[in-house]
Undergrad: 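After the structure tokens below, expect a handful of questions from me.
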Amino acid sequence: MVGASLLEVLVAILILSLAALANAGLQIAGIRANSSAKYRSIAAAHINDMADRMRANRSGLSYFNLVKGIPSLDPKSGCSAVATPCNAAEMAQHDFYEWTTALSKAIPEAQAAICLDTQAGPANAATDTYASPTCSGTGTTYSIKVWWDDSHGEKIPQIFTTNFQP
């Protein structure tokens with residue numbers, strides 16, 4: 001029986017070590033899920049902001065038939081000033097610039113597209129990609145789509161889409 005208590009202590013340490021590793025794995029999974037939820041919430045808020053901008057500028061909606069990317073320069077920076085008014089199309093371009101700039105600051109590697117789409121419904125990340133957004137280009141329903149990398153190294157894009165009729 002000499003050494004039996006030492007063996008029991010070693011087994012107890014092994015069990016506690018495995019439990020600590022399992023707990024660390026759960027913590028990492030929780031942090032990833034929290035990060036994903038954070039970006040999804042930010043995307044939803046930004047999409048609602050763009051939908052409100054589009055509703056406020058109904059005359060400029062034709063600009064959004066299919067627009068994507070983040071413009072490098074504001075096409076009409078004076079649109080926000082009262083002294084230099086702009087037309088509806090210029091205001092739409094300016095709104096898209098401001099929106100995509102804010103989106104790219106809020107979500108790392110975010111990409112966005114706005115388009116007319118007859119098929120209103122949730123997006124499929126496997127088929128609806130930023131390079132080739134699935135939009136019909138017709139109809140009265142607009143789709144605002146935001147993609148971002150939330151894969152933590154696996155490069156599987158996430159997508160959040162809202163469909164609305166102005």
Side-chain angles (χ1 to χ4, degrees), residues 27-166:
Q27 290 292 328
I28 290 170
I31 289 169
R32 283 186 180 172
N34 191 28
S35 172
S36 180
K38 175 182 124 182
Y39 289 141
R40 190 165 296 278
S41 296
I42 291 170
H46 280 271
I47 285 174
N48 287 331
D49 174 45
M50 190 67 226
D52 289 342
R53 290 174 186 245
M54 291 172 71
R55 285 186 190 104
N57 183 12
R58 291 180 191 266
S59 300
L61 286 176
S62 62
Y63 173 75
F64 297 107
N65 288 353
L66 176 56
V67 61
K68 64 180 188 173
I70 298 176
S72 58
L73 296 172
D74 187 352
K76 185 72 174 177
S77 59
C79 278
S80 58
V82 177
T84 55
C86 56
N87 63 35
E90 291 171 335
M91 190 67 202
Q93 291 173 355
H94 176 70
D95 283 343
F96 187 71
Y97 171 80
E98 283 190 340
W99 179 70
T100 53
T101 301
L103 182 66
S104 68
K105 289 178 182 175
I107 302 175
E109 300 182 40
Q111 298 173 316
I114 302 173
C115 58
L116 276 172
D117 199 0
T118 55
Q119 297 180 353
N124 182 347
T127 58
D128 197 355
T129 64
Y130 173 73
S132 180
T134 55
C135 297
S136 65
T138 60
T140 59
T141 301
Y142 283 89
S143 290
I144 303 176
K145 304 176 182 197
V146 175
W147 293 264
W148 69 93
D149 178 19
D150 191 22
S151 63
H152 307 284
E154 298 162 10
K155 293 294 180 191
I156 300 169
Q158 296 291 315
I159 183 171
F160 190 86
T161 302
T162 295
N163 303 305
F164 76 100
Q165 291 182 325

Undergrad: Taking the side chain as C-beta and beyond, is there a heavy-atom pair between M50 and I47 under 4.5 Å?
TA: no
Undergrad: Compare all side-chain heavy atoms of D117 with those of Y142 and state whether any distance is below 4.5 angstrom.
TA: no
Undergrad: Does some side-chain heavy atom of W148 sit less than 4.5 Å from a side-chain heavy atom of E109?
TA: no
Undergrad: To the closest 0.5 Å, what do you measure between CZ (R40) and CD1 (I159)?
TA: 9.5 Å
Undergrad: How far apart are the closest heavy atoms of I144 and A51, and which atoms are they?
TA: CD1-N, 3.8 Å
Undergrad: What is the distance from atom CD1 of I107 to atom NZ of K105, rounded to the nearest 0.5 Å?
TA: 14.0 Å
Undergrad: State which residues pass side chain to side chain contact (heavy atoms under 4.5 Å, CB included) with A92; sequence neighbours excluded, sorted by chain then number.
TA: N57, Y63, F64
Undergrad: I want to check something: taking the side chain as every heavy atom from C-beta on, are M54 and P166 in contact at a cut-off of under 4.5 Å?
TA: no
Undergrad: Restricting to non-hydrogen atoms, name the atom on R55 and the atom on R58 that form the minimum distance, rounded to 0.1 Å.
TA: O-CG, 3.4 Å
Undergrad: Would you please name every residue forming a side chain to side chain contact (heavy atoms under 4.5 Å, CB included) with A106, sequence neighbours left out?
TA: I42, H46
Undergrad: Nearest 0.5 angstrom please: T162 OG1 to I114 CD1, how far?
TA: 11.0 Å
Undergrad: Hey, what do you get for CG (D52) to CG (N48), rounding to the nearest 0.5 Å?
TA: 6.5 Å
Undergrad: Say whether, by atom type as modelled, one donor and one acceptor occur between the side chain of E90 and the main chain of N87 under 3.5 angstrom.
TA: yes
Undergrad: Which atom names give the shortest non-hydrogen contact between F160 and A43, and what distance separates them?
TA: CB-CB, 4.1 Å
Undergrad: Mind checking side chain to side chain contact (heavy atoms under 4.5 Å, CB included) for Q165 and listing every partner two or more places apart, or none if nothing turns up?
TA: T140, T141
Undergrad: C86 and side-chain contact (heavy atoms from CB on, under 4.5 Å): which single residue from Q93, M91, H94 fits?
TA: M91
